[in-house]
Amino acid sequence: MGFHENKVAEFLNNFNENKSKIRNFEGCKFLELYRDKKASNVFFTYSHWSCETDLETYRQSDLFKSVWAKTKPLFNVKPEAWSVDKVESIK
């Protein structure tokens, strides 16, 4: 997610206010926020969900709608999202 430079603090405040609610949403097993090393206004969220249904339930929830309503106007580029399946884990 790319944000206008002057909106990064607003994004981080919104994320911090809601991260525990998102993480504790039914089916969310893991949630992390990453920041690009070179572009300080670019962030990635990484989450694990028990199943696709739980993720879709979150996407339809009032919590998601509230977070997204505050986040969407802060973007300076169109956000991208991927749902993936783990192929292999190397330890």
Side-chain angles (χ1 to χ4, degrees):
M1 300 175 287
F3 296 97
H4 294 283
E5 292 283 348
N6 63 339
K7 299 297 184 179
V8 169
E10 193 173 339
F11 162 70
L12 289 171
N13 286 338
N14 187 36
F15 182 82
N16 286 325
E17 288 175 10
N18 291 287
K19 64 186 177 187
S20 292
K21 295 175 197 169
I22 298 167
R23 173 56 186 87
N24 291 309
F25 198 90
E26 185 173 345
C28 184
K29 301 171 96 179
F30 181 86
L31 176 64
E32 290 184 337
L33 178 66
Y34 296 90
R35 188 177 212 165
D36 189 277
K37 287 186 176 195
K38 295 181 181 174
S40 64
N41 64 319
V42 175
F43 293 83
F44 303 86
T45 56
Y46 182 56
S47 59
H48 289 210
W49 293 83
S50 296
C51 62
E52 190 72 24
T53 302
D54 289 339
L55 175 57
E56 191 55 35
T57 299
Y58 167 67
R59 288 178 176 157
Q60 300 301 319
S61 72
D62 289 339
L63 173 59
F64 176 82
K65 291 174 186 174
S66 171
V67 170
W68 190 247
K70 292 178 183 176
T71 304
K72 191 174 180 180
L74 310 177
F75 293 127
N76 68 351
V77 295
K78 183 179 177 187
E80 296 182 46
W82 300 274
S83 289
V84 298
D85 292 318
K86 186 188 300 185
V87 175
E88 188 172 356
S89 182
I90 296 93
K91 297 188 184 210

CZ (Arg59) and CG (Leu55) are apart, to the nearest 0.5 Å, by 3.5 Å
Looking only at heavy atoms, the pair that brings Phe15 and Thr45 closest together is CE1-CG2, 4.1 Å
Please check this pair: side chain of Asn14 against backbone of Glu10, looking for a donor-acceptor N/O pair closer than 3.5 Å.
no
All heavy atoms of Arg23 vs all of Lys29, minimum pair found to be NH2-O, 3.1 Å
For Ile22 and Cys28 the tightest heavy-atom approach is O-CB, 3.5 Å
Report task. Would you confirm whether Asn41, through its side chain, and Gly2, through its main-chain N or O, come within 3.5 Å as a donor-acceptor pair? Result -> no
Original post:
When the ring centroid of Tyr34 is compared with that of Phe43, is the distance short of 6.0 Å?
Top reply: no
Nearest heavy-atom contact between Ser40 and Arg35 is O-NE, 2.8 Å
Residues Lys38 and Asp36: closest non-hydrogen pair is N-OD1, 2.7 Å
Could you label the plane-to-plane angle of the His48 and Phe30 rings as parallel, tilted or perpendicular, counting under 30° as parallel and over 60° as perpendicular?
-> tilted
### Query
Stepwise, does the side-chain contact (heavy atoms from CB on, under 4.5 Å) test hold for Leu31 with Phe25?
CA-CA 11 Å; Leu31 176 64; Phe25 198 90; over 6 Å; no
Taken to the nearest 0.5 Å, the spacing of Lys72 NZ from Lys78 NZ works out to 10.0 Å
| In the single-linkage hydrophobic clustering (I, L, V, M, F, W, Y; side-chain heavy atoms under 4.5 Å), do Leu74 and Val42 co-cluster? | no
Requested in this report: Begin with the C-alpha distance, continue with both residues' side-chain angles, and end with the deciding distance and a verdict on side-chain contact (heavy atoms from CB on, under 4.5 Å) for Leu12 and Leu33.
Outcome: CA-CA 10 Å; Leu12 289 171; Leu33 178 66; 3.9 Å; yes
Rounding to 0.5 Å, atoms CG (Asn6) and CG (Asn76) come to a distance of 10.0 Å
query = Aromatic ring centroids of Tyr58 and Trp68 under 6.0 Å?
reply = no
On a heavy-atom basis, the closest approach of Phe75 and His4 is O-NE2, 3.0 Å
Would the distance check show the side chain of Ser66 and the main-chain N or O of Asp62 forming a donor-acceptor pair, the cut-off being under 3.5 Å?
no
